[in-house]
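Okay, so here's the structure we're looking at.
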Amino acid sequence: MKTNRKALAALSIFAAGSLALTACGGGSGDSGKSSSAGSESGAATSNAIITTNGNEPQNPIIPTNTTEVGGGKIADLIFAGLVSFDAKGAVQMDQAESITPNETSTLWTVKLKSGLKFTDGTPVTSDSFIKAWNYGADIANAQGASYFFDNIKGYSADEKKPVSEMEGLKKVSDTEFTVELINPEADFTKRLGYTAFVPLPEAAFKDIKAFGENPIGNGPYKFEKEGAWVHNEGVTLVKNADYQGSRTAKNGGVKITFYAEQSAAYADAQSDNLDVLDQVPDANFANYETDFPERSVNQAAAIFQSFTIPEYLEHFKPGKEGELRRKAISMAVDRDSIIKAVFNGTRTAAKDFTSPVIEGWNDKLEGADVLSFNAEQAKKLWAEADAISKYDGTFTIAYNTDGGHATWVEAATNSIAETLGIKAEGKAYPAFKQLLDDEDKDAMTGAFRSGWQADYPSMYNFLAPLYQTGAGSNYGRYASAEFDGLLKEGAAAKSVDEATGKFEDAQKVLLKDLPAIPLWYSNVNGVWSNKVQNVEFGWNSVPLYYNITKAE
C-alpha cells in the first residue's frame, strides 16, 4: 500500500521506541513446538505445575456467562463439553461417545461416555447438560452467552416471556439425550465445542454465584482448593484424575498469574520464572525469536482485532452523519504502516470481520475498500459529516494496559488525528475487567479496543457474538435486522458453500455500517521457558496446556 508523508508523521511520535522494531527477527519456532532444550533429563512428572499468564476474569466462572479471555482460559481448563478441538481445529469427541444428526440436521442424538464424573464425585449425566443449557438459555438469568442456544427449539430472547426449559432438549436416558433445532444447522457439532455447552453439577444451582467463585467442573483440571482463585493475583489448577476425554493432562496442573503488564510476564519467561507466555509485548516483536531460540511461535491464528465505536455516541449514531464518520475514521488508519512499525510484520491488515484461518474466508468482499488507507477520501467524508453537524471533540480509543495495547492505540489515534485534522488519543484502563465493566454499562465516552478470539472454527462465531442484536459481546449495541436475518439464513444453510455466501452478504452489511473498525488479523506470538517441552499453540492461539511437560 502506498504510504504518504502524513502517515509517516503519524507514526513519528513513537519512532524512538520502534527503532528496535525495524529489523526482522530470526530463529525458528513456526510450528509452535518446542525442543527438549533446557531440561537435563527431558523427563516429565505427573505433579509438575505449568505456569502461564492470564487476566482477572470479569465475572465468576459460570460457563454461560464467561465470554472474555481471562475467564475463558480458566473455564476451558476446568470444564469439558461434548466435543473439543485439536490443534488444527478439527472436532474430537470429549464427553460424548457420539453425536448423530438426522437427515435434515434438525434433530441431534447425543450419547455420553459412561462413568463420567464431576470433581465433587457426582455423575455427569444427560440432566447435567440439559439443566445447564436451560439455565444458560433462560433470558431471566441474564447470561452473556444465552444467544448461543438460539437455534434450539423453545428458546426465547423475549425478556417478557422467559423460557426456563427449552422443549428441544429431551432426555432419553442418563447417558443419552436429543437436541431439536429450529433451523437446520450442518455444523452444530462445532457450536457444541463452545464453553457455554458444558454440563454443570447439581451443586451449581444451589448458589450459582458462590459456585462461580469455586467452580466444580469435569475437565482435565480442577481448582487446587477452595479459594484457589485469588482475585487480581491468579489461580492454581491441578490435574483432575477422574477426567475422561480427549485432553488428558500430561502435567500436574496449571498456575495462571494475572499480570498488570505484559512486559513483566516477558521478563519472567526470560528468567525461567514463567513457563509459557501466550502474548509477546509489542516492544519485543523484533527480538523475541532471538531471546527465545527454538522456544517461540509465530503462526496464524483465529484472532481478529478492531476498535468499536458505540452506537450511542454523539456524532456516530445510526444515520448519515454516523455512517460518514465511521468510514472516514476507518480510511484514516494506516494499517500497513502500523503493522510494520509496531508489530514488526506479525499482523496482516484486515479485509473482513473474520480470519484467514477460517473456512470460507474471502479477502475481496464488496465494500472492503473502506478498510484501506485513503487520506483524501477520509477527509472528504469527514467534511461531509461536519456539514451535517460540526464535530469539535476528541476522538478516543480506550484500551487496557494489562494487554499490551498502548503502542498501537497511540499509532492509530495519531494516524486519525494527522489525516482528519482532529484531536485523537488513547484512553487507558488499568485492567481488562474495568474496561469490560464500562462497556457493559454503556459508559464509554469514545471508541474502545475490541476483537475476537474464536470459540470454535466457524465464520458464524466471528459474527454473531459481536454484532447480532442483543448478543452478549455486542458492547457497541449494534442492531440491524438485515444483518440478523442474513446471519440466521447462514446458520440454517444446508451446505458450507451456501452458508458462506450468506455470511459474506452479512459482512457486506457490516462494511456499510461499520459497527467496529477492522484493523488486522493476529498471528499468535508466544514464548516459553527452558523448563518445559511439547509446547504447541492451537488454531485459536491458545496453548494446549494439557500436552505440556515439565521436569521438576
Side-chain angles (χ1 to χ4, degrees), residues 11 13-27 29 50-57 68-70 73 230 232-235 255-293 295-298 301 303 305 338-347 397-414 425-435 449 451 453 519-520 522-532 535 537 541-543:
L11 301 175
I13 192 166
F14 61 89
S18 62
L19 286 176
L21 300 177
T22 56
C24 293
I50 307 301
T51 59
T52 191
N53 63 301
N55 299 96
E56 170 70 12
E68 42 75 40
V69 292
K73 179 178 287 187
V230 181
N232 301 306
E233 292 186 18
V235 61
K255 181 180 180 180
I256 305 171
T257 299
F258 306 150
Y259 284 89
E261 297 286 346
Q262 290 296 95
S263 57
Y266 189 85
D268 276 353
Q270 279 186 294
S271 58
D272 287 340
N273 291 321
L274 185 72
D275 292 325
V276 182
L277 174 62
D278 63 10
Q279 184 180 353
V280 172
D282 296 358
N284 298 105
F285 279 137
N287 56 289
Y288 76 95
E289 290 179 316
T290 51
D291 285 349
F292 293 84
R295 292 181 289 116
S296 66
V297 62
N298 178 18
I303 305 176
Q305 296 288 343
I338 295 171
I339 288 169
K340 182 178 180 181
V342 177
F343 297 111
N344 204 46
T346 60
R347 302 289 187 269
I397 301 177
Y399 65 96
N400 50 301
T401 58
D402 62 350
H405 301 285
T407 309
W408 76 255
V409 169
E410 184 177 27
T413 51
N414 284 343
E425 61 190 25
K427 180 180 179 180
Y429 281 74
F432 190 32
K433 179 184 183 302
Q434 293 171 317
L435 175 60
R449 64 145 291 255
Q453 179 176 303
L519 293 172
W520 39 73
S522 298
N523 278 11
V524 54
N525 304 108
V527 296
W528 51 91
S529 76
N530 283 294
K531 294 182 178 180
V532 290
V535 181
F537 285 66
S541 84
V542 178

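Keep in mind that what you see is a predicted model, and the values were worked out from it rather than measured.
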Determine whether a donor-acceptor pair (N or O, by modelled atom type, separation under 3.5 Å) exists between the side chain of Ser522 and the backbone of Val524. no
Residue pair Ser541 / Ala301: nearest heavy atoms and the distance that separates them: CB-CB, 3.7 Å
Which atom names give the shortest non-hydrogen contact between Val342 and Ala411, and what distance separates them? CG2-CB, 4.1 Å
Side-chain heavy atoms of Arg449 within contact of Asn400, under 4.5 Å: yes
Below 4.5 Å, heavy atoms only, C-beta onward: do Trp520 and Ile338 meet side chain to side chain? yes
Just jot down the salt bridge (Lys or Arg N to Asp or Glu O under 4.0 Å) partners of Lys255, sequence neighbours excluded, or say none. none
Taking the side chain as C-beta and beyond, is there a heavy-atom pair between Glu68 and Phe432 under 4.5 Å? yes
Compare all side-chain heavy atoms of Asn530 with those of Arg295 and state whether any distance is below 4.5 angstrom. yes
Quick one: CD1 on Ile397 to CD on Glu425, what's the gap to the nearest 0.5 Å? 10.5 Å
Tell me whether Asn284 contacts the main-chain N or O of Val280 through its side chain, where contact means a donor paired with an acceptor under 3.5 Å. no
Look up atom CD in Gln305 and atom CD in Gln453, then write down how far apart they are to the nearest 0.5 Å. 9.5 Å
Between the side chain of Thr401 and the main-chain N/O of Pro430, is any donor-acceptor distance below 3.5 Å? yes
Sequence neighbours left out, what passes side chain to side chain contact (heavy atoms under 4.5 Å, CB included) with Ala398? Give chain and number order. Lys427, Tyr429, Leu435, Met444, Phe448
Given Trp528 and Leu274, is the side-chain contact (heavy atoms from CB on, under 4.5 Å) satisfied, shown in steps? CA-CA 8 Å; Trp528 51 91; Leu274 185 72; over 6 Å; no
Less than 3.5 Å apart, any donor N or O on the side chain of Ser271 or Asn273 sitting next to an acceptor on the other? yes
Would you please name every residue forming a side chain to side chain contact (heavy atoms under 4.5 Å, CB included) with Ala406, sequence neighbours left out? Tyr399
Evaluate Gln279 against Asn525 for side-chain contact (heavy atoms from CB on, under 4.5 Å), listing each step before the verdict. CA-CA 6 Å; Gln279 184 180 353; Asn525 304 108; over 6 Å; no
Can Val535 and Phe537 be said to form a side-chain contact (heavy atoms from CB on, under 4.5 Å), step by step? CA-CA 7 Å; Val535 181; Phe537 285 66; 3.8 Å; yes
Hey, are the side chains of Leu277 and Gln262 touching, using non-hydrogen atoms and a 4.5 Å cut-off? yes
Please evaluate residues Glu233 and Thr257 with respect to the criterion side-chain contact (heavy atoms from CB on, under 4.5 Å), reporting the C-alpha separation (whole Å), side-chain torsions for both, the decisive distance (0.1 Å), and the verdict. CA-CA 6 Å; Glu233 292 186 18; Thr257 299; over 6 Å; no
Can you list everything that forms a ring-ring contact (aromatic ring centres under 6.0 Å, His included) with Tyr266? Sequence neighbours excluded, please. Phe292
Over 60° means perpendicular and under 30° means parallel, so classify the ring planes of Phe343 and Phe285, tilted if in between. tilted
Tightest non-hydrogen contact, residues Val527 and Ala269, listed as CG2-CB, 4.3 Å
Output all residues satisfying side chain to side chain contact (heavy atoms under 4.5 Å, CB included) with Asn55, sequence neighbours left out; order by chain, then residue number. Val69, Asp402
Can you pull out every salt bridge (Lys or Arg N to Asp or Glu O under 4.0 Å) where at least one residue sits in residues 268-281? Sequence neighbours excluded, please. Lys73-Asp278, Asp275-Lys550
Any Asn232 side-chain heavy atom under 4.5 Å of Phe258 side chain: no
Heavy atoms, side chains only, cut-off 4.5 Å: are Val276 and Ile50 in contact? yes
